[in-house]
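Both backbone and side-chain heavy atoms feed into the values below; hydrogens, waters and symmetry mates do not. For the single chain, residues carry numbers from 1 onward in sequence order.
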Amino acid sequence: MIEWYDWFVYSTFSVYFASAFFPEGDATSQLLHTAGIFAVGFFMRPVGGWLLGRLGDRKGRKAALTVTVLMMSLSALLIAVAPTHSQVGYWGAVVLLLARLLQGLSVGGEYAASATYLAEAAPAGRRGFFASFQMVSMKIGQLIGLSLQILLQQNMSEQTLTSWGWRIPFVVGALGSAVVFWLRRNLVETDAFEEAAQEAAGTTRPDKERGTLRGLWEYRRTVALVVGFSMGGTLCDYTYSTYMTKYLHNTAGLSTTDASLVSFVAILVFICLQPLAGGLSDRIGRKPLLIGFGLGAMIFTVPLMTALGHVSTFGSALLLMIAGLLTITGYTSMSALVKAELFPARVRALGVALPYALANALFGGTAEYVALWFKDAGMESGFYWYVTACAAVSLVVYLTMRETKDVSFTRGDRAPHRAAEVTA
């Protein structure tokens with residue numbers, strides 16, 4: 001929750017600090033600069049995915065989770081104390097960029113480490129339900145950021161928020177990360193990792209390729225599948241959950257307060273949907289939900305985004321945003337789990353981290369920048385069709401991939417299947 005609060009709060013509060021680091025140009029140009037730094041952070045996620053995925057596969061999921069939160073705490077602190085353009089010119093933006101790069105490293109490992117840990121720790125037959133809480137915790141972190149924004153909006157003037165109030169959420173994030181570091185030191189390692197480590201130790205030759213790019217190369221087709229699997233989903237997720245507050249303010253013309261409140265309520269509903277969809281995937285499989293998302297995103301993205309760009313009331317904006325989030329629930333509720341189910345334990349953390357981070361860097365992290373670029377060029381609807389095209393590519397992957405619901409992670413998972421075969 002804290003890790004993703006720190007990641008998302010940059011985007012949430014950029015409407016206030018954009019002018020502090022980039023004073024030239026209109027509001028859209030300022031947001032375009034901060035969105036560019038937001039996107040650059042994503043290009044460090046593959047590096048973080050490689051480094052921390054390797055750490056997770058070789059030293060344990062707990063080790064990776066502990067390191068990621070330390071890095072996030074430092075990056076939040078850097079943003080909190082970053083000097084503005086009026087103080088040091090564009091050197092303040094350089095500090096902002098360095099902090100965002102560090103956040104990218106952290107989140108690149110966090111996603112895979114937490115997804116792998118949840119998938120391996122959950123009981124067989126209920127992995128979809130338990131793993132859906134990764135998205136729940138991610139979005140709760142985003143909601144805390146929005147809640148803090150609304151609270152500050154109610155108690156501070158626009159001028160105060162723009163001047164120094166935007167620093168408060170980053171101070172909160174740095175302190176929260178320090179608490180999470182203490183919590184994560186007490187995590188128990190998963191059985192799947194322990195079994196893989198014992199099997200490697202029991203062989204005559206150590207598994208030197210465990211958690212390495214060379215070991216992952218054996219599963220290169222699966223890596224490509226995960227990139228295609230993720231591109232449409234991550235783009236839609238960032239479009240509806242992260243970019244939407246700016247879109248409602250900058251395009252539809254809602255006040256920043258109303259746009260923030262719409263996002264808050266819609267994401268709250270979205271959170272409640274995740275365990276329901278995750279539990280459903282344990283019953284009917286992962287593929288039906290993924291295919292439902294792909295079809296829904298292809299059909300409804302253009303009309304939904306067009307309608308959201310012309311809303312004038314709180315109620316209509318809320319209903320349309322919920323409709324968009326409902327569409328992507330089939331992906332968000334268990335996408336991380338499916339990636340974990342596609343790889344063996346020896347390269348699972350790296351296998352989840354690296355291809356997903358690549359897809360995120362190319363599609364999710366650039367969502368705001370591409371959307372604002374289309375708007376700045378006077379053809380905003382082009383972004384809607386771009387999202388639709390990416391969803392179509394992912395749909396092809398969902399239709400052709402194998403079902404992963406019954407994949408075994410540990411010897412305990414495999415025992416019932418062996419017993420059933422013997423009985424038969």
Any donor-acceptor N or O pair under 3.5 Å, side chains Thr242, Glu368: no
Hey, can you pull the donor-acceptor pairs under 3.5 Å for the side chains in residues 219-229, sequence neighbours left out?
from: Arg220; atom 1: NH1; to: Trp217; atom 2: O; distance (Å): 2.9

field: More than 12 heavy atoms from other groups under 6.0 Å of CE on Met156
entry: yes
- prompt: With sequence neighbours left out, which residue pairs that include part of residues 135-158 fulfil the ring pair (Phe, Tyr, Trp, His ring centres under 6.0 Å) condition?
  reply: none
task: Kindly write out the residues that satisfy side chain to side chain contact (heavy atoms under 4.5 Å, CB included) with Thr251, not counting sequence neighbours, or none if the list is empty.
output: Tyr247, Lys375, Glu380
task: Report yes or no: do Thr332 and Asp237 form a side-chain donor-acceptor pair below 3.5 Å?
output: no
message: Can you list everything that forms a side chain to side chain contact (heavy atoms under 4.5 Å, CB included) with Val370? Sequence neighbours excluded, please.
response: Thr366, Phe374, Phe383, Tyr386
query: Side chains of Ser86 and Thr84: do they bring a donor and an acceptor to under 3.5 Å?
result: yes
For residues 316-323, run the donor-acceptor check on the side chains, cut-off 3.5 Å, and write out each pair with its distance to 0.1 Å, sequence neighbours left out.
from: Ser316; atom 1: OG; to: Thr313; atom 2: O; distance (Å): 3.1
from: Ser316; atom 1: OG; to: Thr313; atom 2: OG1; distance (Å): 2.7

- prompt: Should Glu341 and Lys287 count as an ion pair when the cut-off is N to O under 4.0 Å?
  reply: no
- request: Applying side chain to side chain contact (heavy atoms under 4.5 Å, CB included), name anything that partners Thr116, two or more places apart in sequence or on another chain.
  value: Arg61, Glu120, Arg348, Ala349, Val352
message: Within the 3.5 Å criterion, strictly below it, is a donor on Arg184 or Thr66 matched to an acceptor on the partner's side chain?
response: no
